[in-house]
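Remember, predicted model here, so these are calculated numbers, not experimental data.
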Amino acid sequence: MDIQRSSNAHAKKIRRIVYVGIAIISVAGVTYGVSRLRPAAPSVDKANRLTDEVKRGPLLIEVHGTGRLSPRTSAGFPPDRFPRGS
């Protein structure tokens, strides 16, 4: 046999209304706070920046380093398998 529970639907409805009200007020508060923010200051002065248009042309990259140039990965073939020459 089932046990009859006392109905507290009215209390649940009031609790739900309170939670929705708190959510609406907090979203409105955050929105108002964000709208009142001033724009962020630029991190670099405009006079110190170098701005120009993008131009087409050769890309010259000069790299100076010490040591020997060697590949990071190899193709997997031993050096004597495909000899150069005849």
> Per the side chain to side chain contact (heavy atoms under 4.5 Å, CB included) rule, which among Ile24, Val30, Thr31 passes with Val27?
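Single side chain to side chain contact (heavy atoms under 4.5 Å, CB included) partner of Val27 among Ile24, Val30, Thr31: Thr31.
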
> Could you tell me which residues satisfy side chain to side chain contact (heavy atoms under 4.5 Å, CB included) with Ile61, sequence neighbours excluded, listed by chain and number?
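Leu59, Val63.
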
> Any side chain to side chain donor-acceptor pair (under 3.5 Å) pairs touching residues 48-57, not counting sequence neighbours?
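Residue pairs passing side chain to side chain donor-acceptor pair (under 3.5 Å), neighbours aside: Asp52-Lys55.
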
> Roughly how far apart are Arg15 CZ and Asn8 CG, rounded to 0.5 Å?
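Arg15 CZ to Asn8 CG: 7.0 Å, rounded to 0.5 Å.
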
